[in-house]
S.K.: 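Sharing a structure below in structure tokens format, with a few things to ask.
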Amino acid sequence: MNSNQPIAKYRLDYVKPDFTITDIDLDFDLSPEITTVVARSHVIKKNALVTKLVLDGEALKLIAINIDDIPWQDYKLTATGLEIYSVPDQFVLTIINEIKPIDNTALEGLYVSGDALCTQCEAEGFRHITYYLDRPDVLARFSTRITANKNQYPYLLSNGNRIAKGQLDNERHWVQWQDPFPKPCYLFALVAGDFDVLKDKFITRSNRQVALEIYVDKGNLDRSEWAMTCLKNSMRWDESRFNLEYDLDIFMIVAVDFFNMGAMENKGLNIFNSKYVLAKPETATDDDYLAIEAVIGHEYFHNWTGNRVTCQDWFQLSLKEGLTVFRDQEFSADLGSRAVKRIDDVKILRAVQFTEDASPMAHPIRPEQVIEMNNFYTVTVYEKGAEVIRMIHTLLGEEKFQAGMALYFQRHDGSAATCDDFVKAMQDASAIDLSHFKLWYSQSGTPELTINDDYDADRQLYRLTIKQLTPATQDQKDKQPLHIPLNIELYKRDGKVIPLQYQANAIHQVLNIHNDKEVFLFDNVSERPIIALLRDFSAPVKLHYDYQDSELIFLMQYATDAFNRYDSAQILLAKYIAINVSNHQQAKPMMLPESVIDAFRSVLLSPSLDPALMAQILTLPSENEIANQFKVVDPDSIHVVREWLLTTFANDMFDELLAVYRHNTTALYQIDHVDIAKRALKNTCLQILAFTSQIHVVDKLINEQYQQADNMTDSLAALNAAVKAQLPCKDRLLSDFDCRWNQDGLVMDKWFTLQATSPQKDTLARVKALLTHRSFSLNNPNRIRSLIGAFVNNNPALFHAINGSGYFFLVEILTELNQKNPQVASRLIDPLIRLKRYDEKRAELMRQALTQLLQLDNLSRDLYEKITKALEL
Ligand code: B3K
Ligand code: ZN
């Protein structure tokens, strides 16, 4: 293990920088082996008491330092950068250093992706490029000159506007870029390479023309049009819904194959994982198309929420991420199906964020302490962060929320702000008190609401008693009651809505819960009502209310809120999953009442229900969603019960499923929400049908769909159904897919994921064998995630095999990735650190695996932080 143990930084230790940099001129002489960087910074002292300038820098070779163009010797290189002594109050600092992009396997700083060179600087990657004040509250105007071989790198890109270019001797050329907007260095970007470019333009509402350029690997132009459509839609939507217009004359997106995450919002030059740019019907599924829309939107929206107003320090990350996720969710909801989008987002929250809250990595959306910042780009900061913004939106309403946004920009445009600043703008603009609400920023954990009700028929009075409790998390033992908006509705048994009122006053359907226990009274309630709770998932909480099956079945049919219909089905399923997990553990037979099956049958037969919503209701919760119902997770029983439910549905509703399947075929493939919904429903039916006992019928059906499909959505759905249900055709179809697509990494990722998530008992052996497959490489994060990430995250029954084989496989992989790519390694370890959620035997094996990793030489800070938390060291 590292002898210098990494140390944590604390939010409350924030101090303003002693120096700032107003302008920086960067000059890159590029080559993959050695790139020379000359950085000329205008430095201004802010703290009169200091004379030492401390700069961050990692893995750099320093060549020279000048101050005001005079060589400076009074400095020292340290473990984390450079200290320059006796500096004046204002000066021009010139630093010359060298870097080696080709050796950069961590993909942070300047690195090689295929034939291109590109950068990733958030959170702290700029210090891998040059010595600098690598913190988000230092905002400078960047000007960047890039020189490189013109044959190898015909395109030289950076932030802002291209202001000059020229030719040099030796087949070299240069381009000069200038970004007029001051920015922190994490938003700096540079790309050099040879690409195909899709060009278009956008006229802003104030009539300015913006050049739009999407750079993709040569030969991929036919896969870039959807991204351009999404970009233009994003620009238009941000103007109409948020009143925000683009500010530069050019907006560029570059797709690269080697990227640690989804995409990056660098000013004017977004860099994307090619997965979130490239799509054509033969290679991308409907889900891919929608994910591209969401990510293009997300990065574009960062131009205001993140770039124009950035974060004071990294603890404030949710200021830009939670808000921007909220914005991209709304964008997708406005353009497509709001209900489906909401359900998809809640599923992620429940399956992944609730899991994180119950893990050693539990943290508030604004963390208090961090060892490695890259570990905090989490589903808590992003998705729970977005839920917190959504609750503010619910409390204020759209109009006041937009007034809050306007005030936020008025106050903070061009500067670095905090989460407190944001909440204050919302509060000041709306005159709604958010002081109690703010606790959501500092308290971690998933609150639980326990709800009881009673009805007094004589007085026509309905009483609701709501208790809240947030269980302790590893990072925080004591919890306070939160301000929780709870959206409810009451129904009569005939499906009519009962108006909420008490003593002649109307009561808003969003109840404000502030205390441990709250009582709400409603009068004029003529019969015992059925209550819809947590409509639209109005708060990221768990709910306990003793629903009768009949009430849930009623809500599946009558709830006015689509999310609530879906959720009622989920609660009903959760109940029988719990019963059957216990039955399975005790070797008792499984059971499911006929009435429950009939409820799902009615969904299938309902003529008026949106097919997309129908598909959501008919999709069983994932094994990870189910796991969160239990304090101690039994992955084997969960898997068996889920498959048993699928078989029961398939056999009991075979005719209806087949009819709906046949009824929802689409003619020509097109990306449009009506067709997406039909395909979703058709393929959900197929997925269930695959589990029927009439194996030969469904094997034939699946084979036909696979062979006849003219698009990836349908062929992958067929393949997935065959693999999950272990049908006879699966191996043949899998090898057909491999023959057809092995040259295409992004398509093969789908295949790797199918292999890794197969319930077949020898899956781990197959995953190991696939490490040497011609399309696999441990250098490419997408391949790692699609094969290994899918196995450890989405095949819980086999990853948690009771002999520990899954755990020790992950140890082998992490041992290799620890130095090679710490960020990717750190993502992969997540399912291994949750040992407390498992039985003694598994927990002990997980502990052994973690202890083994802790012994590694040069253990990265990323892994160190998670392992020590898991072992509570
Ligand atoms: N801001 C980037 C994420 C950077 C992750 C650094 N490890 C992408 C995004 O959230 O839009
Ligand atoms: Zn983001």
Side-chain angles (χ1 to χ4, degrees), residues 58 104 106-109 111 118-129 134-136 159 183-189 230-231 234 238 253-256 258-273 275-277 291-311 313-332 345 348 361 365 367 370-386 389 416 419 781 785 821-828 830 860-863 865-866:
E58 267 172 47
N104 184 350
L107 314 187
E108 193 183 25
Y111 66 91
C118 68
T119 55
Q120 171 55 37
C121 294
E122 187 177 2
E124 296 173 332
F126 195 72
R127 64 188 62 184
H128 294 257
I129 293 176
D134 189 357
R135 45 186 293 167
N159 318 86
K183 63 169 178 287
C185 63
Y186 82 85
L187 290 171
F188 168 79
C230 295
L231 175 58
S234 308
D238 218 13
I253 290 176
V254 184
V256 298
F258 290 73
F259 207 63
N260 280 346
M261 63 266 172
M264 178 64 211
E265 70 264 25
N266 318 298
K267 183 81 188 185
L269 177 57
N270 287 1
I271 299 180
F272 271 61
N273 186 327
K275 176 179 164 64
Y276 293 108
V277 174
I292 290 170
E293 178 179 81
V295 180
I296 296 256
H298 181 95
E299 306 310 331
Y300 174 75
F301 303 142
H302 266 315
N303 189 53
W304 278 94
T305 50
N307 301 3
R308 290 287 290 253
V309 181
T310 190
C311 301
D313 56 77
W314 288 122
F315 296 98
Q316 315 296 328
L317 181 62
S318 203
L319 173 73
K320 74 177 177 81
E321 295 304 347
L323 179 54
T324 305
V325 171
F326 171 76
R327 277 155 50 68
D328 84 54
Q329 290 176 348
E330 285 298 294
F331 168 61
S332 297
D345 293 337
I348 292 174
M361 270 297 284
I365 64 166
V370 164
I371 290 180
E372 171 51 59
M373 188 54 213
N374 286 322
N375 278 342
F376 287 83
Y377 287 74
T378 59
V379 68
T380 297
V381 167
Y382 276 62
E383 271 71 23
K384 187 179 178 185
I389 303 293
C419 297
R785 283 185 286 256
N821 190 329
Q823 280 186 54
V824 169
S826 187
R827 292 262 157 178
L828 282 184
D830 284 341
S860 66
R861 293 144 53 88
D862 315 55
L863 285 181
E865 181 166 40
K866 291 189 177 178

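The analysis underlying the following values was restricted to heavy atoms, covering all of them including side chains, and did not include hydrogens, waters or symmetry mates. FYI, the numbering just counts along the sequence from 1. We count ligands from 1, going down the list as the structure has it; atoms in each ligand are counted the same way.
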S.K.: If you apply the rule side-chain contact (heavy atoms from CB on, under 4.5 Å), what do you find for His298 with Glu321, and how did you get there?
M.R.: CA-CA 9 Å; His298 181 95; Glu321 295 304 347; 3.2 Å; yes

S.K.: Taking the side chain as everything from C-beta on, heavy atoms only, tell me whether Glu122 gets closer than 4.5 Å to Glu108.
M.R.: no

S.K.: Does Tyr186 reach the side chain of Glu124, with side-chain heavy atoms less than 4.5 Å apart?
M.R.: no

S.K.: Spell out, as yes or no, whether a donor-acceptor pair under 3.5 Å connects the side chain of Asp134 to the backbone of Pro184.
M.R.: no

S.K.: Given the side-chain rings of Tyr111 and Phe258, with only the six-membered ring counted for Trp, is the space between their centroids under 6.0 Å?
M.R.: no

S.K.: Tabulate distances under 3.5 Å between N/O atoms of ligand 1 and N/O atoms of the protein, writing both atom names on each line.
M.R.:
{"from": "ligand 1", "atom 1": "1 (N)", "to": "Glu122", "atom 2": "OE1", "distance (Å)": "2.5"}
{"from": "ligand 1", "atom 1": "1 (N)", "to": "Glu265", "atom 2": "OE1", "distance (Å)": "2.8"}
{"from": "ligand 1", "atom 1": "1 (N)", "to": "Glu265", "atom 2": "OE2", "distance (Å)": "3.4"}
{"from": "ligand 1", "atom 1": "1 (N)", "to": "Lys320", "atom 2": "NZ", "distance (Å)": "3.4"}
{"from": "ligand 1", "atom 1": "1 (N)", "to": "Glu321", "atom 2": "OE2", "distance (Å)": "3.1"}
{"from": "ligand 1", "atom 1": "7 (N)", "to": "Asn374", "atom 2": "OD1", "distance (Å)": "2.9"}
{"from": "ligand 1", "atom 1": "7 (N)", "to": "Gln823", "atom 2": "OE1", "distance (Å)": "3.3"}
{"from": "ligand 1", "atom 1": "10 (O)", "to": "His298", "atom 2": "NE2", "distance (Å)": "3.4"}
{"from": "ligand 1", "atom 1": "10 (O)", "to": "Glu321", "atom 2": "OE1", "distance (Å)": "3.0"}
{"from": "ligand 1", "atom 1": "10 (O)", "to": "Glu321", "atom 2": "OE2", "distance (Å)": "3.0"}
{"from": "ligand 1", "atom 1": "10 (O)", "to": "Tyr382", "atom 2": "OH", "distance (Å)": "2.4"}
{"from": "ligand 1", "atom 1": "11 (O)", "to": "Glu265", "atom 2": "OE1", "distance (Å)": "3.3"}
{"from": "ligand 1", "atom 1": "11 (O)", "to": "His298", "atom 2": "NE2", "distance (Å)": "3.1"}
{"from": "ligand 1", "atom 1": "11 (O)", "to": "Glu299", "atom 2": "OE1", "distance (Å)": "2.8"}
{"from": "ligand 1", "atom 1": "11 (O)", "to": "Glu299", "atom 2": "OE2", "distance (Å)": "2.9"}
{"from": "ligand 1", "atom 1": "11 (O)", "to": "His302", "atom 2": "NE2", "distance (Å)": "3.2"}

S.K.: Restricting to N/O/S, name the atom of Glu321 that gets closest to the Zn ion (ligand 2).
M.R.: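 Going by distance to the Zn ion (ligand 2), the closest N, O or S atom in Glu321 is OE1.
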
S.K.: Does the side chain of Asn270 pick up a donor-acceptor pair with the side chain of Glu265 at under 3.5 Å?
M.R.: no

S.K.: Can you give me the NE2-the Zn ion (ligand 2)-NE2 angle for His298 and His302, to 10°?
M.R.: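 Reported to 10°, the angle equals 100°.
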
S.K.: Can you establish whether the number of heavy atoms outside Tyr276 located under 6.0 Å from its atom OH is more than 12?
M.R.: no

